[in-house]
2 protein chains.
Amino acid sequence: MAVKLADKDIARIARALAEPRRFQILKEIGATKGGVVSCGELRDHHKVTAATLSHHLKELETAGLVETTKTGKFMTIALNRGVLDAYLAQLQKI
Amino acid sequence: MAVKLADKDIARIARALAEPRRFQILKEIGATKGGVVSCGELRDHHKVTAATLSHHLKELETAGLVETTKTGKFMTIALNRGVLDAYLAQLQKI
DNA sequence: TCGACAGTTTGACAATTATCTAACTATCGA
DNA sequence: TCGATAGTTAGATAATTGTCAAACTGTCGA
């Protein structure tokens with residue numbers, strides 16, 4: 001069974017998902033093979049500044065929905081399916 | 001298979017769920033037998049004015065997550081599990 | 001070492017929204 | 001019919017947040 005999320009975790013995840021751009025980003029990551037994407041790829045698909053993108057990624061990361069790893073200059077963002085699934089499991093139980 | 005939701009529908013549902021009080025209300029409705037609750041019961045559990053509660057119920061209804069029926073002076077709110085499930089199904093596919 | 005590049009942080013601004021009060025509509029019982 | 005009660009609507013306010021520009025940090029190649 002998945003981890004039980006506290007109410008505040010659920011709220012944070014829900015807020016992260018409620019922003020259309022972040023939802024899109026998440027779908028984009030999930031659609032790639034391996035569930036991994038580079039920051040540059042995201043910038044190509046979203047007409048926002050790097051600052052804005054950075055902000056959104058931080059929201060997703062704080063919510064636990066993605067994990068980022070930095071190798072040298074570049075960053076890769078990976079979907080954390082475990083957290084997403086845990087969130088869905090909680091909603092399922094409503 | 002559940003109904004396919006448009007992106008804007010998903011966004012609306014996600015926003016409805018992202019508000020802690022609304023999430024709580026939804027859980028409360030779901031916890032009752034039959035998935036139905038009266039407006040007064042909600043007022044007992046939430047320390048907000050009737051106006052605020054009305055606002056939240058409208059958000060949930062617009063999102064399709066609940067359906068309300070008015071009989072005389074009173075209102076009953078029912079969880080619409082179909083919409084919730086459709087939302088979860090979409091997230092599942094990410 | 002230096003410049004270019006990837007991403008972050010900070011501060012500001014605009015849009016959204018949760019909340020309240022007050023006034024309103026509608027229904028029921030006396 | 002009147003008063004009380006259930007819920008809505010409108011307008012105001014405060015908090016949150018998506019966005020940008022500008023300045024910053026860290027890394028690589030020349």
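Computed over heavy atoms, backbone and side chain alike; hydrogens, waters and symmetry mates excluded. Naming convention: chains lettered A, B, ... in sequence-line order (proteins, then strands); numbering from 1 in each chain.
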Contact list please: [range] against DNA chain D, heavy atoms, distance less than 4.0 Å, in numerical order.
range: residues 13-47 of chain B; answer: Cys39(B), Gly40(B)
range: residues 48-57 of chain A; answer: Val48(A), Thr49(A), Ala51(A), Thr52(A), His55(A), His56(A)
range: residues 58-69 of chain A; answer: none

Students should find that the nucleotides of DNA chain C closing off the region near chain A, any atom under 4.0 angstrom from a heavy atom, are dC5(C) to dT9(C)

Show me the side-chain donor-acceptor pairs of residues 53-62 of chain B shorter than 3.5 Å, one per line, residues at least two apart or across chains.
residue: His56(B); atom: ND1; partner: Arg22(B); partner atom: NH1; Å: 3.2
residue: Glu61(B); atom: OE2; partner: Thr68(B); partner atom: OG1; Å: 2.9
residue: Thr62(B); atom: OG1; partner: Lys58(B); partner atom: O; Å: 2.7

Kindly write out the residues that satisfy side chain to side chain donor-acceptor pair (under 3.5 Å) with [X], not counting sequence neighbours, or none if the list is empty.
X: Thr71(A); value: none
X: Thr32(A); value: none
X: Gln90(B); value: none
X: Glu41(B); value: Ser38(B)

Do Ile29(B) and Ile94(A) sit in one hydrophobic cluster, given that two such residues count as connected whenever their side-chain heavy atoms are within less than 4.5 Å of each other, even indirectly?
yes

Would you say Val36(B) and Met75(B) are hydrophobically clustered, going by side-chain heavy atoms of ILVMFWY under 4.5 Å?
no

Do [X] and [Y] make a side-chain contact, defined as non-hydrogen atoms from C-beta onward lying under 4.5 Å apart?
X: Leu91(B); Y: Leu91(A); answer: no
X: Tyr87(A); Y: Leu65(A); answer: no
X: His45(A); Y: Gln24(A); answer: no

I'd like a table of donor-acceptor pairs (distance under 3.5 Å, sequence neighbours excluded) in which one partner is a side-chain atom from residues 5-13 of chain B, with atom names and distances.
residue: Asp9(B); atom: OD2; partner: Ala6(B); partner atom: N; Å: 3.2

Could you report the tightest heavy-atom contact between Arg81(A) and Gly30(A), atom names first, then the distance?
NH2-O, 3.7 Å

Rounded to whole angstrom units, what separation is found between the NZ atom of Lys73(B) and the C1' atom of dA6(D)?
7 Å

Tell me every residue that passes side chain to side chain contact (heavy atoms under 4.5 Å, CB included) with Gln92(B), counting only those two or more places apart in sequence or in another chain.
Asp85(A), Leu88(A), Gln92(A)

On DNA chain D, compare the nucleotides closest to Thr71(A) and Met75(B); which residue's is nearer the 5' end?
Met75(B)

